[in-house]
Amino acid sequence: MAEWKAAKPENKVLGWVEERLPILSLVNNVVGPDTPTPRNLNYWWNFGSLAGLMLVIQIISGVVLAMHYAATTGVAFDSVERIMRDVNYGWLIRYMHANGASFFFIAVYIHIFRGLYFGSYKAPREVLWMLGVVIFLLMMATAFMGYVLPWGQMSFWGATVITNLFSAIPMVGESIVQLLWGGFSVDNPTLNRFFSLHYLLPFVIAGVVILHLWAKKISDSGNPLGIDVKSSADQIPFHPFYTVKDAFGAGVFFFVFAMFIFYMPNALGHPDNYIPADPLVTPPSIVPEWYFLPYYAILRSIDFPLGIPGVFELVDAKLLGVLAMFASILVWLLLPWLDTSKVRSGNFRPLFKWFFAFLVVDMFILTWLGAQKPEGNIPLYGKIATAYYFAYFLVILPVLSRKETTLPLPESISNPVLKPAE
Amino acid sequence: MSTLENTHHEEDGVTRRDMIHVGAGVMAGVGAVASLWPFIDQMNPAADTLALASIEIDISQIDTGSAIIVKWRGKPVFIRHRTAEEISEANAVAVADLIDRQTDEERVQAGKEEWLVVMGVCTHLGCVPLGTKTGEEKGDYGGWFCPCHGSHYDTSGRIRKGPAPKNLEVPEYAFLTDTTLKIG
C-alpha cells in the first residue's frame, strides 16, 4: 500500500480547513504530486479518467435536461422535442447527453479491455476490478432507463422486451414483470419510475467510483509490464505528469465527441425513436443501443433448453438465454480466479495474446450480429460467437494459465532489461 | 463496562441483559422488514390501473376473414373473425406435435368457433405479432408472425415455430349479445 502524505498548505485559510478536513491531502494522495505512479503508463491508461469525465458530463447535462423534461406518457415525447426546438441550446445539451452515453461506454469498454489484456484483475487488484464490474452493471441499467425517457418507438419496445426478460423466471416471473411495470404493460407508472431511477443511479455510480479510486490507491496503478514497483526510480508523481497526459487524451477524445455532437448527432441512435411510442405497433425490428448489442446477440443465440428439448428441460430456452446474457458479464467477477497465471501483462504471454485478440474480434462480431435480423445463418454465427466468448473465460484462461510458457519478465520498470534465461 | 459487571450472571454465562439485547434486535429487525413491504408494494399496479379492468366491443363490423386490434389494459387484443378453412386448418393439426399442446376447442368458446380472441402479445418477449391487418405477413401457418425474433403462430394463435414458448394467451371474455364482446 502506498504511504499517506499530509498536505501542508502555506495559505493560512487552507491550512485551517486542512487541519479540520484533510481534503487537500486526499486529492494530493490520489491524483496529486504525492501520488507515486508507475513511470511507464501508456495511452491505454487514459481511459479511466476519461470515463470519469464522461460521468461528470452526463450528470451535468442530465440535471439540466431534467429541468425541461416531463415524465408523463402524454407529454414526454413532446417535451423532448421542445428541448430540441425551443429551449435555448436545448439541442446541444440533449445531443451531448445522448452521444455522451455512447462515449461513456466507448471509454469504459476500452478501459475494461485494457484491464483484460494487462491482467488488471489479478492480485492485489481483485476488488478494484470487481468494483469496476459493479459500475458497468449500474451504467447499463442507467443507460437502459435513460433510453426509455424520450418515449419514442424504440424507447417503448426496448423497455417492453427488456422488462419481459424477467418473465422468464419460473413461478414469480409474471408478478415481477407487473411489479416493474406498475401495471399490465409498459405505461405511465413505468416511465415515471424509470425517470426517478435514471436520476438516482448516476450518483450511486459516482459513489462506487469513489470506492474504485480508493481501491486503486490501496493497490496502486498497474502498468503495461505488469511487474511490481521495486523502487522510487520506477515511479513519477501523478501530478503533473499524468494529469497532463490525461488532459491531452481528453482533448483528443472530446474532439471526436464534438464531431459526433455537431456533425452526426443521430449516427449512433435509431431513427424509429423519433416516432412517438405506440403500444399497438411493434417496429419492424427492435434493435438495442450499440453498446448492448453483444449481450443481445448472446441472449438471442440461446434458443435451446438445458436438458432434452420437449422431454426433460431443466431450464427452458427463454430462461437459459436470459441467464446466459447476465452470466456473460457476471463471469468477469470470477476472472481473478479463472486466470491464475502469475504474469499479468499480455505482452509476456505469447499464446494468451492471440486468444485475447480473438476475443476482441468476437466482441465486434457479436455487436454486428446483435443488430441483424435473426434469419438465415445469423443464429448459427451467434451460437459460434457466444461459444467462443464463454470458452475464453471458462476454458481457455484456466487452461492457458497452467500450460502457457511465458516470456521472461524485465527486472524492473526503470531497468527494463530482460533477465537472462535460467 | 461497569453495567455488565453489575449484571447478575447465570451459571451458563447467559445474562438477562443478553435476552433484552436479542429481543430488541429481533423486534427492530421485524419492524425494518415490515416497513420495507410498502416500499416494494407501491411498485405494483395501483388501484386506478386495476380499475380499468374490462371493455366492451362492437364486433358486428368485423367481416369473415378479417380481424381488429383493440387496446385492453394497455395491451393489444386481437379479435379475429375466422373463415371455415382457418377453423378446419386449426383443427387438422395433431396436438401432440405442438410446442404448447392445446386443441382449438380449448381456445375458443363453444358455438362461437369463428371468433378467436387472443392477447396480441408475443409470449417470447412481448412484441406485437403481425398478421391482423390486411397485407401484413401472417407467418408460415397463416396466423401471426412476430417480427422481433421470428415466432410463427397458427390460425388458433398457437406457437408453431420460433423462440416463443407458449401460445398467444386467451383473455377472459364473454359475448354479451351476438355483436357485443366484453373483455375482462
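The structure displayed is predicted, hence computed values, not measured ones. Order of the sequence lines sets the chain letters (A, B, ...), proteins ahead of strands, with each chain counted from 1.
- Heavy-atom contacts from other residues, nucleotides or ligands closer than 6.0 Å to CD of B/E105 number 12 or fewer.
- Minimum interatomic distance between A/P279 and B/G74 (heavy atoms only, all atoms of both residues): CB-O, 3.9 Å.
- Other residues, nucleotides and ligands place more than 12 heavy atoms under 6.0 Å from the CZ atom of A/F136.
- With a 4.5 Å cut-off on non-hydrogen atoms, B/I99 does not touch chain A at all.
- Taking each heavy atom of B/C127 and A/V161 in turn, the nearest pair found is SG-CG2, 4.0 Å.
- The CG atom of A/D303 lies 8.5 Å from the NE2 atom of B/H124; values are rounded to the nearest 0.5 Å.
- The heavy-atom pair separating A/P283 from B/P147 by the smallest distance is O-CG, 4.3 Å.
- Residue A/I162 does not touch chain B at all, counting heavy-atom pairs closer than 4.5 Å.
- Atom CZ of A/F203 is surrounded by more than 12 heavy atoms from other residues, nucleotides or ligands within 6.0 Å.
- Here the closest heavy-atom approach between residue B/V128 and residue A/W157 is recorded as CG2-CH2, 3.2 Å.
- Environment of NZ in B/K182: sparse, with no more than 12 heavy atoms of neighbouring residues, nucleotides or ligands closer than 6.0 Å.
- The local environment of CG in B/D178 is sparse, with at most 12 non-hydrogen atoms from other residues, nucleotides or ligands closer than 6.0 Å.
- Here the shortest heavy-atom pairing between B/P45 and A/Q178 reads CD-O, 3.9 Å.
- Within the 3.5 Å criterion, the main-chain N or O of B/P163 finds no donor-acceptor partner in the side chain of A/K318.
- Scanning all heavy atoms of the two residues, the minimum distance from A/L280 to B/P76 falls at CD2-CB, 3.4 Å.
- In the displayed structure, A/F364 atom CZ is contacted under 6.0 Å by at most 12 heavy atoms of other residues, nucleotides or ligands.
- Ranked by heavy-atom pairs under 4.5 Å with chain A, the first of B/Q42, B/K71, B/K133 is B/K71.
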